[in-house]
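Have a look at the structure below before the remarks.
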Amino acid sequence: MDKPIHANHITISVSNTNRSVSLPLLEGTLGPQVADIRKLHNETGIFTFDPGYGETASCESKITYIDGDAGVLLYRGYPIEQLAEKSTFLEVAYLLLNGELPNEAQFEMFTAHITRHTMLHEQFRRFWEGFRRDAHPMAALCGVVGAMSAFYPESVNISDAHEREVSAYRLIAKIPTITAWAYKYSVGQPFMYPRNDLSYAENFLYMFKAVPTEQYKKNPTLERAMDRILILHADHEQNASTSTVRLAGSTGANPFACIAAGIAALWGPAHGGANEAVLRMLAEIGDKKNIKPFIEEVKDKNSHTKLMGFGHRVYKNYDPRAKILQRTCYEVLGELGIKHEPLLELAMELEKIALEDDYFVSRKLYPNVDFYSGIILKAMGFPTTMFTPLFALARTTGWITQWMEMIEDPQQRIGRPRQLYTGAPRRDYTPINERP
Ligand code: CMC
């Protein structure tokens with residue numbers, strides 16, 4: 001990996017001591033300068049304190065760039081709007097993994113690699129039976145993806161570039177099969193084997209919707225919408241689940257275990273679980289007349305109620321993915337002949353009221369990717385519990401790309417944050433009969 005340019009320095013002096021340190025400021029291709037604090041503790045005895053890592057660059061990366069103030073998202077330099085309109089998910093997957101868009105021969109070979117790996121080991125059919133039918137599909141996803149390392153023991157050899165590459169292909173190829181089967185298992189329908197004559201998105205829709213007793217009908221608008229949803233969710237730099245994948249990977253754990261850790265982190269309602277929570281919230285609000293009291297509840301700190309699908313650690317502007325999804329929502333509803341979707345109307349009114357309210361304006365809280373995605377997915381026939389698994393399906397490509405970049409980074413070492421200890425100072429053990 002190229003060394004960032006040392007443009008300037010920042011000097012830190014510790015008050016009441018004569019200790020000071022000059023730290024290099026690193027410059028990326030885009031974004032703010034970053035103070036390199038690696039010498040800070042050695043030279044001053046001081047650590048930094050940054051709960052939630054909001055001010056900390058945990059790694060150097062060339063994959064995804066976000067300008068949160070301007071509402072910009074770039075994959076390998078390409079704006080998300082252009083990719084969502086002109087590209088396909090598999091092409092974006094190639095771009096993320098390899099850094100450049102493929103030519104025709106490269107794309108053909110990549111597609112062949114992915115389609116070759118779409119089937120799951122036949123033993124997985126029985127593996128599912130260990131889960132309850134009503135288990136949340138994210139629980140099944142964590143388990144099944146983690147278990148893949150038991151089927152591909154050579155994946156533990158992470159220093160072998162070929163093994164890393166094959167693991168990446170396996171994950172990207174099999175995650176649609178795993179996600180669709182999680183659904184099929186929950187409703188008691190037969191698992192559908194992947195069809196390599198279909199596109200990545202269409203194959204997933206096929207495995208999710210089709211049954212052996214009926215002819216499957218393709219729908220190009222829904223295929224395009226699915227593909228776009230996958231593109232929009234494919235990567236998002238160092239978010240909680242990606243950082244989890246990197247942290248797990250920094251120990252040398254195998255890629256399937258690392259992605260299972262990422263899936264677990266994504267499940268939470270503050271992260272990937274928000275799309276599911278948005279629909280629950282809209283259902284609870286129920287009617288436009290209830291929006292104002294709901295907003296008042298959100299603003300009341302004692303209520304602990306959040307406006308789900310709003311706010312983001314990095315975006316302090318409209319999430320560019322939410323804009324694209326809002327448009328896609330109309331396309332999907334139009335295709336399905338849904339003239340009035342009460343949830344969409346409720347969501348749009350909620351957005352309008354929130355964006356005029358000083359609480360949200362002053363905190364720069366805008367709709368994020370999850371605000372509209374659930375409405376589209378519901379219209380496409382996905383049950384609410386499948387929303388977060390679909391996010392995981394798409395993000396698997398980003399996670400494995402970030403994992404590969406980390407393993408190949410010569411600066412990489414085990415992730416091991418420090419702490420500000422505020423517990424009891426050293427004290428001696430007292431026998432139980434002498435304790436107050
Ligand atoms: N509703 C109401 N208030 C909010 C919200 C919200 N959705 N989001 C942030 N705030 C308030 C927060 O209470 C705080 O107020 P104050 O300054 O008075 O204490 C202020 O805005 C700053 O928020 P924060 O909690 O410091 O922001 P954060 O960067 O730690 O959290 C977030 C980011 C996404 C977890 C948060 O905005 C949130 O919980 N949103 C709802 C859940 C959601 O939609 N998550 C999906 C995120 S996008 C997809 C993904 O990453 O998976």
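Owing to the predicted nature of the structure, the values given are computational and were not obtained by experimental measurement. Just so you know, residue 1 is the first one in the sequence shown, and it goes up from there. Counting convention: from 1, in listed order, for ligands and their atoms alike.
- Between Y169 and F110, the ring-plane angle classifies as perpendicular under the 30° and 60° cut-offs.
- With rounding to the nearest 0.5 angstrom, the CD1 atom of I231 is 10.5 Å from the CG atom of L95.
- At least one side-chain heavy atom of T44 sits under 4.5 Å from a side-chain heavy atom of L40.
- Using a 4.5 Å cut-off on side-chain heavy atoms (C-beta onward), I46 and I12 make no contact.
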*How far apart are the C-alpha atoms of E335 and N219, what are their side-chain angles, what is the distance that settles it, and do they pass the side chain to side chain donor-acceptor pair (under 3.5 Å) test?*
CA-CA 9 Å; E335 169 65 26; N219 181 323; 3.2 Å; yes
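- Considering only heavy atoms from C-beta on, Y216 comes within 4.5 Å of E202 through its side chain.
- Near ligand 1, residues P269, A270, H271, G272, A274, V298, K301, K306, L307, M308, G309, F310, G311, H312, R313, Y359, R363, L365, N368, V369, D370, F391 each place a heavy atom inside the 4.0 Å sphere around the ligand atoms.
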